[in-house]
Enquirer: 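Below is the structure I would like to discuss, written out as structure tokens.
Treat the numbers as computed from the prediction; the structure is a model and nothing was measured.
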Amino acid sequence: MSRDHLQSTELPAPASTERRAPASAAPSGDAEAPVPSAVETPFLELLARGASADAYEQPALLARAEGGPAARIDALDRAKHLALRVRAELEGRRRREAELSALFETAHDLAGLRDLDAVLRAIVQRARSLLGTDVTYLSLHDTARGDTYMRVTEGSVAARFQQLRLGMGEGLGGLVAQTARPYVTDDYFKDARFQHTRTIDAGVSDEGLVAILGVPLMLGHHVIGVLFAADRRARVFEREQIALLGSFAALAAAAIDAANLLAETRSALADLERANEIIRDRSAVIERASDVHDRLTELVLRGGGVHDVAAAVSQVLDGTVEFTEAGSAPVRALEVSRAEGHAVRHEDDWIAAVAAGDELLGALVLRGHPGLDPVDQLTLERAAMVTSLLLLARRSAAEAEQRVRGELLDDLLDARDRDPRLLGDRARRLRADLAATHVVLAARLDTTASDADLEADARRRLWAAASHLAATRHGLAAARDGGTVLLLPLDAGDGATDLARRTARQLGRAVHESVTVGASAPVEDLAARPEAVAAAYAEARRCLDALGLLGRSGDGAAAEDFGFLGLLLAGEQNVSGFVERTIGQVAAYDERRGTELLHTLDAYFACGMSPARTKDELHVHVNTVAQRLERVGRLLGDDWQSPDRALEIQLALRLHRLSLPAQH
């Protein structure tokens, strides 16, 4: 290390011996020369109690003040110099002991390295304490950016200084990092040996630093950072202080190297652990693949369904697998899967197309499983293939059953020459109960395709959807008259209108087009009188045509929904049913309470719906008429006086009057 880079002070060389003046040389005024031990005693006491350097001047000053002999004063001066040298030696020993202790503690911290930042903070704290500087700090090299940055500071108060970055060759630290040699400056801003920058000078100025010492942190021949000690006043750093800071820098470099090695070791261990996990996962995946193969084979052999396949794959892949119709799966992902023949990822799901040739039957969807092993992906793809085979087999069976159900319904519609007993036996084999109450439904697509092939395809889809619905409801379905006819059992508490509307919605969703459905009135005991099916179908057709004429496409209705027009649409004019639906609640109220609401209604309509004339007709007070009409409104609804409702009520009243003689 060249001297122009260091500033140091040397201790004076100790004298080999100390001469004392002989007694004969003492002045004639003194009877006897001072005893040496008496001269040295005060200085020994000062050394013993560790007094400051200024205190060693006191014995000689006191002797002069007392007018002591010159020889004694001279001896005190010599003893003072010797004592100060001893004091300096002791101070140096104590300082070296403290330095060695600090280095030992730092090495101990390094041996038990757990937190690199804690070790580096301890280094700069001890360096600051031993060197007695205002600030110590450590910067490290940033290989990505090619400069150095502040890692740890001690005694710093300026935020900008703590965030400084020094380029190679910039500032004192940049020079140390570039040359790999220690540098010291007594006055930073007056030193021209290194490159000053506005940013660095501003940070140093904010901190108020003047004298700065920097030593490199070396790993082999590479500089990884710089350790600094700085004062806010001019100062000369001694050679021993530079060496001490260099020792701390070596320990800091060793700590960083140890931390890097520890990190590399941990990374290597983590890599090994990941490799072991991959091996374990591969083994588990192979076992799962074998397991799913066995499960799928068993499902096919025992005639399982697509949902059984999805459940089995869900257990193997530890996720949720669902079979969805083609229209419910993401279009783009489904097309890619069908084209490539592989499962594809869509957001957090995986989509595997279920296809047979060019026909798309649906998809298997693995939910919420974005990370999928290739073997697991192959498992999902095989499950999709098995699902397509099951669907084709089910379709073949369903088509055969649909043909049988359609043939039975055709025979019921043409039952004139059919044996009712044989028809009943065939129905039971199809799990259809002809003894239950049924409704005949006529369904038709509302749109007509321009191409004959497209229209035929649409009709086939409607028939397939109707056949599926009939099979699930233990009913029958057949293609007829350009549409579809269904014979469905009527549940308890359900009505023909509700069934018609529900069927229109279900078929419309299935074929993705608007479907209109007309329903017959409920028919009973078809096993004994199968000819009633044909009459009910004719009624359903008339309701279907009426819906078309009224512009109610996509709806479902029965004859009872058309008011008095329903009497014309119904196969059997159900007069009593119409009367009951229209004014049955009022008649029942009269029967229970003994009131005359029906008679009041007759008079009210006969008097042109005038309460004043009605009260004259009935010979009652007008308030009585108002109260009766209010009661009628609560029974029939607020709209009972609207033109349509009023017409139906008047017709029902007349039919009721006509039926009275027959009841008597």
Enquirer: When you look at H196 and Y188, which way does the side-chain contact (heavy atoms from CB on, under 4.5 Å) test go after all the steps?
Expert: CA-CA 9 Å; H196 289 265; Y188 174 86; 3.8 Å; yes

Enquirer: Using the rule side-chain hydrogen bond (donor to acceptor under 3.5 Å, both in side chains), only one of T148, D142, T199 pairs with R165; which is it?
Expert: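 Among T148, D142, T199, the one that satisfies the side-chain hydrogen bond (donor to acceptor under 3.5 Å, both in side chains) with R165 is D142.
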
Enquirer: How close do A333 and I351 get, heavy atom to heavy atom, and via which atoms?
Expert: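 Smallest heavy-atom distance, with atoms named: CB-CG1, 4.0 Å.
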
Enquirer: Ignoring hydrogens and geometry, is there a side-chain-to-backbone donor-acceptor pair from E322 to V365 under 3.5 Å?
Expert: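 Side chain of E322 to backbone of V365: no pair is present.
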
Enquirer: Does any non-hydrogen side-chain atom of V135 lie less than 4.5 Å from one of T153?
Expert: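 A side-chain contact is absent here, since even the closest heavy-atom pair is not under 4.5 Å.
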
Enquirer: Could you grab the distance from atom CG of L164 to atom CG of D206, nearest 0.5 Å is fine?
Expert: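 Separation between the atoms: 8.5 Å.
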
Enquirer: Can you list the steps and then say if L227 with V124 is a side-chain contact (heavy atoms from CB on, under 4.5 Å)?
Expert: CA-CA 8 Å; L227 179 61; V124 297; 3.8 Å; yes

Enquirer: Which heavy atom of A353 sits nearest to which heavy atom of A384, and what is that distance?
Expert: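 Smallest interatomic distance, heavy atoms only, reads O-CB, 3.7 Å.
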
Enquirer: Just how far is it from atom CG of L209 to atom CZ of F161, taken to the nearest 0.5 Å?
Expert: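 With rounding to 0.5 Å, CG (L209) is 5.0 Å from CZ (F161).
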
Enquirer: Could you check whether any side-chain N or O of E381 sits under 3.5 Å from a backbone N or O of H342, counting only pairs where one atom can act as donor and the other as acceptor?
Expert: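 No, the answer is negative, given that no donor and acceptor are paired below the 3.5 Å cut-off.
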
Enquirer: State whether the number of non-hydrogen atoms from other residues, nucleotides or ligands found under 6.0 Å of M385 atom CE is greater than 12.
Expert: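 Incorrect, the count does not exceed 12.
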
Enquirer: So, taking the atom named CG in D231 and the one named CZ in R128, what distance separates them when rounded to the nearest 0.5 Å?
Expert: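 Those atoms lie 9.5 Å apart.
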
Enquirer: Once rounded to the nearest 0.5 Å, what's the spacing between atom CZ of R126 and atom CG of L244?
Expert: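 Answer for the CZ-CG pair, R126 versus L244, is 12.0 Å.
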
Enquirer: Starting at CD of Q162, measure out to CD of E207 and round the result to the nearest 0.5 Å.
Expert: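 CD of E207 is found 7.0 Å from CD of Q162.
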
Enquirer: Give me the atom names and distance for the closest heavy-atom approach of D147 to L166.
Expert: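 What the structure gives for the nearest pair is CB-O, 3.2 Å.
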
Enquirer: Measure the shortest side-chain to side-chain distance between T133 and F228 over non-hydrogen atoms and say whether it is less than 4.5 angstrom.
Expert: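 No, their side chains stay 4.5 Å or more apart.
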
Enquirer: Using side-chain contact (heavy atoms from CB on, under 4.5 Å), reason through E154 and R121 one step at a time and then give a plain yes or no.
Expert: CA-CA 8 Å; E154 178 67 22; R121 281 195 299 270; over 6 Å; no

Enquirer: Do any N or O atoms from the side chain of R345 and from the backbone of E347 form a donor-acceptor pair under 3.5 angstrom?
Expert: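 Checked: pair present.
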
Enquirer: Please report the shortest heavy-atom distance between I212 and A230, naming the atom on each side.
Expert: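 Smallest heavy-atom distance, with atoms named: CG1-CB, 3.9 Å.
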
Enquirer: Below 4.5 Å, heavy atoms only, C-beta onward: do Q195 and I200 meet side chain to side chain?
Expert: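 No, every pair of side-chain atoms sits at 4.5 Å or beyond.
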
Enquirer: If we only count heavy atoms from C-beta on, is the L82 to R78 side-chain gap below 4.5 Å?
Expert: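 Counting from C-beta outward, L82 and R78 never come under 4.5 Å.
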
Enquirer: Could you point out which residue of D187, D134, D186 forms a salt bridge (Lys or Arg N to Asp or Glu O under 4.0 Å) with R233?
Expert: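 Exactly one pass, corresponding to D134.
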
Enquirer: So how far is it from T185 OG1 to R193 CZ, rounded to the nearest 0.5 Å?
Expert: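 Here the rounded value is 5.5 Å.
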
Enquirer: Considering non-hydrogen atoms only, spot the tightest contact between L219 and A253 and give its length.
Expert: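 Where L219 meets A253 most closely, the heavy atoms are CD2-O, 3.6 Å.
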
Enquirer: Verify whether one side chain among T197 and E170 offers a donor that lies under 3.5 Å from an acceptor in the other.
Expert: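 Distance-only check fails for T197 and E170.
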
Enquirer: So which atom in L245 and which in A127 form the shortest heavy-atom distance, rounded to 0.1 Å?
Expert: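 The answer is CD1-CB, 4.0 Å.
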
Enquirer: Mark yes when over 12 heavy atoms from residues, nucleotides or ligands other than R64 sit less than 6.0 Å from its CZ; otherwise mark no.
Expert: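 Correct, the count exceeds 12.
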
Enquirer: Working note: T136 + L131, criterion side-chain contact (heavy atoms from CB on, under 4.5 Å); need CA distance, chi angles, decisive distance, verdict.
Expert: CA-CA 9 Å; T136 51; L131 270 67; 6.0 Å; no

